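Notes to accompany the following structure.
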Amino acid sequence: MDDEVLSIVIAGHIDHGKSSLIGRLLLDTGSLSADVNEKILKGEMNLAHLTDHFLEEREGDMTIDISHVSFTVSNRKYLLIDAPGHKEFLKNMLTGASHADGAVLVVDALEGPREQTFRHANLLSVIGVKRVIVLVNKMDAANWSEDAFNNVKDEIVRKIRPFGLEAMAVIPVSAETGDNVAKKSENMGWYKAETFTESLCRFEKRRFSAMPARFPVQDRYEFTPGKIVYAGRVEAGVIRPGDRLKRYPGGEEAKITAIEKFGRPPLEQAEAGENVTLKLDFAGTLKRGDLLGAESVPAVSRTADGRILWISPQPASSVKNFTLRCATREVVCQIADIRNRYDAGSGKNVESANGEIKEAETADVTLQLDSELAFDRFSEIPSTGQFVLERGGVCVAAGVFI
Amino acid sequence: MEYLDYLENKSIYVIRESYARFKNMALLWSMGKDSTTLLHLCMKAFMGKIPFPVIHIDTGFKFPEMYEFRDRTARRLGLDLIVAENRLAKYRGMGPNKAGASKLECCNALKTESLQQIVAKLKIQSLLVGIRRDEHGIRAKERYFSARDESFKWNYTDQTAEPWDYYRSLERDGTHFRVHPILHMTEADIWRYISREKLEVIDLYFAKGGKRYRSIGCAPCCEPVESSASTIYEIILEIESSKTAERAGRAQDKEDAYTMQKLRSLGYM
């Protein structure tokens, strides 16, 4: 068994068959409970409803919120994140996709890519999930036609390329009948390549340990009077006792004297993803939001350029101040400039003379920060290069520093 | 990183985020395997001493083994244990066998209302709860930080975005957050973790006379399942080969397919 779980988000236009695909996958990999299995085989339950547990979802025949289902193929654990295809639920898609190592884009063989296909492709691109497997679904309704498949394949590959997405495989499937999902299709002899479950091995876990060290201070504990430790998660790189890090903003040196986890002997190192407490040799005290870093220096500035996805029904101009959250840091900010405002649904750039960004649009922005922030470019260190904008404690936009 | 370490790290991050952001927080402990795992993760997150209260919502109908385990464990770990109960409902005779009362009404009165009372009394801003996504379809839809309004309602059709690990965290008067640090663990993960960490769990989980409890709560509403699994190893094997739902023995889930949704939208765990 592989050590970690690979998370994959299922994206695509409404009714192109995302939920049915998950249902089929669970059924054909033997991941369902006996009672549910029986209901499906008897036709008492719809495949698409396996992950739709809200009453409203089953009655309205659409997914409202995210579902997580796990299954194992070839000794590797996968977590599938099913998120809704509607535009108004884009924030739910964002929540699901932000935890994904890769994505599956489901496209209807008869309809081809549609509005939400492109919104999702754009969303994936903004948050850096660039490896995609495309499933051309409902091949049964397209009479298993190779021409129909090739037409959709050509169109989707051509149209997602500008988003910077890499289609690792394009596979003709039918979630309804199971062809090429977990078993080879007998109806499409012309397709010789891999099934969907076979293609899953192409995804790789994203890893951050080979990057420069980043340790955002999450909290400061003094459970034993006089003994201060700093809690946090190593967001990138590897740290070891004796390492001389610097605190940003500021640049003062902080030497690690011990790395600890409760119930274990002091650690010789901690890598990206580990939650530890640090004892430091530092002249002063650190606070939540400070960033400890080594090697390549993060940007420290009161302005930052980012690419954001707007997910709030209230447009950007309706309020002046936002809270920017980057790792454990929070800073009040304003949007000083907006460029490249883009609506992926229509595929059009939007003029933004009035400084506006609306729901489901993306834009490049310059943020004016009320105090200095230490951050990285997303392309260099993702975990300290991603941020959200909040208003009233609610996330209104997600973005990456560019 | 090993799989169980990966799961543990994710949980500890969530627990510490809650502690960093809220002054008044508490852990909900039912003595079951999940919340006992969560209790252990809190011990780890705070270096062996949990700096907030641990609440048991006592319906009065729990198994005797649960009370014994609760008191012994609380002493051993030095917990600030608070036992909360809805005295008025109990005085009025609410219980699983009360004439005219459904399981939903009983759960709502003895669990949800008790919880509402203690949350209001202690002015709790953040409540750690040991639910998991794979337990129930409705729980699969939860966020790590989930806001509850003044009347405890969960507005599940309009949940806020939770991209990356930026959990929502602004509290208003009268609202609180349910924080779910073990949301990503499965039933088998929990048992593997319990085994690795050598945690003590209640004996009812292990088979005696061909039956065991897979999920425990109130004694009158829990049915044991057919099983010969008498060790953790055997339990894991059983879970991975059997495909029956974990909560199949829990009465409140059976009355109506959407009971869990109704309970949760009213503020149930």
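Below, chains carry the letters A, B, ... as their sequence lines are ordered, and counting in each starts from 1. Owing to the predicted nature of the structure, the values given are computational and were not obtained by experimental measurement.
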Is it the side chain or the backbone of [X] that comes within 4.5 Å of chain B heavy atoms, both, or neither?
X	result
A/A97	neither
A/V396	neither
A/R264	side chain
A/T328	side chain

Is it true that atom [atom1] of [X] has more than 12 heavy atoms of other residues, nucleotides or ligands lying nearer than 6.0 Å?
X	atom1	result
A/K205	NZ	yes
A/R307	CZ	no
B/K123	NZ	no

Side chain, backbone, both or neither: which part of [X] has a non-hydrogen atom closer than 4.5 Å to chain A?
X	value
B/F145	neither
B/K49	neither
B/E8	side chain

What pair of heavy atoms forms the shortest contact from B/A161 to A/I311, and how long is it?
CB-CD1, 3.4 Å
Give, for atom [atom1] of [X] and atom [atom2] of [Y], the distance between the pair rounded to the nearest 0.5 Å.
X	Y	atom1	atom2	answer
B/H40	A/F262	NE2	CZ	8.5 Å
A/R233	B/I12	CZ	CD1	11.5 Å
A/N275	B/R16	CG	CZ	6.0 Å
B/N9	A/K261	CG	NZ	4.5 Å

Please examine the side chains of A/R288 and B/R21, heavy atoms only from C-beta on, and report whether any two atoms are closer than 4.5 Å.
yes
Just so I know, are the side chains of A/H99 and B/D165 near enough to count as touching, which here means a heavy-atom distance under 4.5 Å?
yes
Ignoring hydrogens and geometry, is there a side-chain-to-backbone donor-acceptor pair from A/Q218 to B/Y13 under 3.5 Å?
yes
Please state whether the rings of B/F46 and A/F223 are parallel, tilted or perpendicular, taking 30° and 60° as the class boundaries.
perpendicular
Would A/R325 pass as a cation-pi partner of B/Y166, given that its NZ or CZ must be under 6.0 Å from the six-membered ring centre and within 45 degrees of the axis?
no
Best-contacting candidate, A/G263, A/A272, A/G273, against chain B by heavy atom pairs under 4.5 angstrom
A/G273
